[in-house]
Amino acid sequence: MADRFEMPAGVCLHAEKVSKIYPGTKALDEVSFDVYKGKVNVLIGENGAGKSTLMKIIAGIEQESAGTLYMGGEKVSFKNVTEARVHGIGIIHQELSLFPNLNVYQNIFMSREQTRYKFGLDNKKHIELTKKIMDKLEHPISPQMIVGDLRVGQQQMIEIARNLVQDDLKILIMDEPTSSLSAQEVQVLFKIMRELTAEGISIVYISHRLEEIMQIGDYVTILRDGKFVAASAVKTIDVSWIVKQMVGKGKVYPQRQECVDWEKREKVLEVEALTLPKKGGGYLLHGLDFSLRKGEILGIYGLMGSGRTEIFECIMGLRPEHTGKIKLHGKQIKIKNVSDQIRQGFALVPEDRQRDGLVQTMNIAKIYPYLV
């Protein structure tokens with residue numbers, strides 16, 4: 001490929017026919033992609049479409065099998081994340097890449113350390129800057145908190161903060177940054193994103209939440225099965241167009257219209273006076289009552305730290321210190337441990353899939369007997 005490329009107007013990075021081949025699969029097949037300066041460039045597609053692979057190539061985590069990247073009309077290639085960072089490219093990963101045994105400010109300034117007299121670390125400045133960036137994100141988490149003790153949503157904010165302290169940031173890749181955030185926290189993030197684009201920083205945004213795309217996006221590019229499908233300005237399209245391009249058909253499932261008399265349905269689960277004490281005093285949950293009827297989908301909402309996750313931890317046997325009654329089909333059950341709850345028909349998809357939902361050193365066949 002040529003060492004120079006005539007960049008389209010307003011484009012700060014261009015990927016020209018990029019391919020990535022892994023043993024047994026072609027993750028990207030000659031995908032071309034434009035990143036517009038000072039805009040939110042949305043990249044969408046179903047799982048396995050190649051979105052994260054393309055972003056890893058741009059961020060220097062993976063190297064392309066074929067194709068070329070151009071910035072400012074010049075050919076570029078990144079052997080690692082450090083080289084991409086030198087060109088002003090940062091990435092917020094879908095899977096968190098934090099150090100759980102270190103505290104917040106150590107994670108935020110990892111590889112970007114401030115020094116005093118060129119020798120010692122300036123931790124006073126680290127703490128001061130961490131407080132500022134976390135206040136900007138409306139998450140006043142103590143800089144000295146150990147990251148492993150934080151909830152996934154809080155850790156997601158630390159991941160975001162790490163990239164916002166990069167002084168020479170030109171392109172920020174955000175791979176599903178809102179997956180662990182509440183609606184209020186998403187709006188704070190969108191506010192930060194608009195502040196960044198106003199400063200001329202380009203954002204590449206990956207999300208499966210179509211309503212977010214229509215709210216925050218400026219341009220959208222769609223991949224399917226590792227191939228480029230379509231690209232458009234967001235203001236000229238709608239959700240139906242996006243769905244059709246993503247899946248190859250225009251079917252959008254309608255909302256449920258049937259009327260159901262839920263009062264006549266059997267109560268499958270009843271929770272009465274569920275209480276969970278907090279270390280040091282107070283409560284994480286206090287006197288909580290709710291019921292779930294057969295065939296019902298019950299939504300539980302609340303801000304981070306409101307106790308949503310703790311409810312399910314109590315029901316699944318992860319919080320033996322809880323009090324209250326839990327009934328299954330009208331009969332009170334005694335919760336002993338997670339295995340016992342699984343045998344009684346309970347299942348939990350945890351907040352942190354990687355840490356709590358998988359044993360990554362075991363294959364599926366070996367894990368299955370532990371679940372039944």
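In what follows, residues are counted from 1 in the order of the sequence shown. Since the structure is predicted, the reported quantities are computational estimates derived from the model, not experimental observations.
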*Check for a donor-acceptor pair, side chain of Arg194 on one end and backbone N or O of Ile216 on the other, with a separation under 3.5 Å.*
yes
*Show the numbers, then the answer: is there a side chain to side chain contact (heavy atoms under 4.5 Å, CB included) between Ile146 and Asn101?*
CA-CA 6 Å; Ile146 298 298; Asn101 59 320; 5.7 Å; no
_Any side-chain heavy-atom pair of Glu270 and Lys325 under 4.5 Å_ = no
*Judged by atom type as modelled, is there a donor-acceptor pair below 3.5 Å linking the side chain of Thr25 to the main-chain atoms of Tyr22?*
no
_All pairs passing salt bridge (charged side-chain N to carboxylate O under 4.0 Å, His left out) where residues 56-69 contributes a residue, at least two apart_ = Lys20-Glu62
_salt bridge (Lys or Arg N to Asp or Glu O under 4.0 Å) evaluation trace for Glu128 with Lys125_ = CA-CA 5 Å; Glu128 179 186 335; Lys125 190 170 185 180; over 6 Å; no
*Between the side chains of Ser77 and Gln63, is a donor N or O closer than 3.5 angstrom to an acceptor N or O?*
no
*Kindly say whether Ala49 contributes a backbone atom to a donor-acceptor pair with the side chain of Asp225 at under 3.5 angstrom?*
no
*May I ask you to say whether Asp238 pairs ionically with Lys244, meaning some side-chain N is under 4.0 Å from a carboxylate O?*
no
*Could you tell me whether the side chain of Phe5 reaches within less than 4.5 Å of the side chain of Thr68, counting heavy atoms only?*
no
*Is there a donor-acceptor contact under 3.5 Å from the side chain of His126 to the main chain of Gln106?*
no
*Lys267/Glu272 salt bridge by N-O under 4.0 Å criterion*: no
*Is there a donor-acceptor contact under 3.5 Å from the side chain of Arg319 to the main chain of Glu313?*
no
*Got Leu102 and Met110 here, is their nearest side-chain heavy-atom distance under 4.5 Å?*
yes
*Apply side chain to side chain contact (heavy atoms under 4.5 Å, CB included) to the pair His322 and Ile335, showing each step before the final yes or no.*
CA-CA 10 Å; His322 81 266; Ile335 299 175; 4.2 Å; yes
*asked:* Applying side-chain contact (heavy atoms from CB on, under 4.5 Å), can you list everything that pairs with Lys294, at least two apart in sequence or on another chain?
replied: Glu266, Val268
_Stepwise side chain to side chain contact (heavy atoms under 4.5 Å, CB included) test for Asn41 and Thr221_ = CA-CA 8 Å; Asn41 303 267; Thr221 300; over 6 Å; no
*Say whether, by atom type as modelled, one donor and one acceptor occur between the side chain of Glu46 and the main chain of Val247 under 3.5 angstrom.*
no
*Assess whether side chain to side chain contact (heavy atoms under 4.5 Å, CB included) is satisfied between Val188 and His139, documenting all intermediate values.*
CA-CA 10 Å; Val188 172; His139 262 72; over 6 Å; no
*Which heavy atom of Arg162 sits nearest a heavy atom of Arg112, and at what distance?*
O-NH1, 3.1 Å
*Is there a side-chain contact between Lys51 and His208, using heavy atoms and a 4.5 Å cut-off?*
yes
_Leu164 side chain near Leu137 side chain, heavy-atom distance below 4.5 Å_ = yes
Pair up each side-chain donor or acceptor in residues 31-40 with any protein partner under 3.5 Å, not counting sequence neighbours, and list the distances.
residue: Ser32; atom: OG; partner: Lys17; partner atom: N; Å: 3.0
residue: Asp34; atom: OD1; partner: His14; partner atom: ND1; Å: 2.5

*asked:* What I'd like to find out is whether the side chain of Met134 reaches to under 4.5 Å of the side chain of Ile108, using heavy atoms alone.
replied: yes
_Residues Glu296 and Arg293 bridged, charged N to O under 4.0 Å_ = no
*Measure the CG-CD1 distance between Leu210 and Ile44 for me, rounded to the nearest 0.5 Å.*
6.0 Å
*Are side-chain heavy atoms of Leu285 and Thr275 found at a separation under 4.5 Å?*
no
*So do Gln245 and Ser232 actually touch side chain to side chain, heavy atoms under 4.5 Å?*
no
*Does the distance from a Lys or Arg side-chain N to an Asp or Glu carboxylate O, for Arg151 and Glu310, drop under 4.0 Å?*
yes
*Is it true that the side chains of Gln215 and Gln187 contain a donor and an acceptor less than 3.5 Å apart?*
yes
_Test item: Asp29 side-chain N/O and Gly226 main-chain N/O as donor-acceptor pair under 3.5 Å_ = no
_Can a donor-acceptor pair be found, under 3.5 Å and without considering hydrogens, that links the side chain of Asn103 to the backbone of Met145?_
no
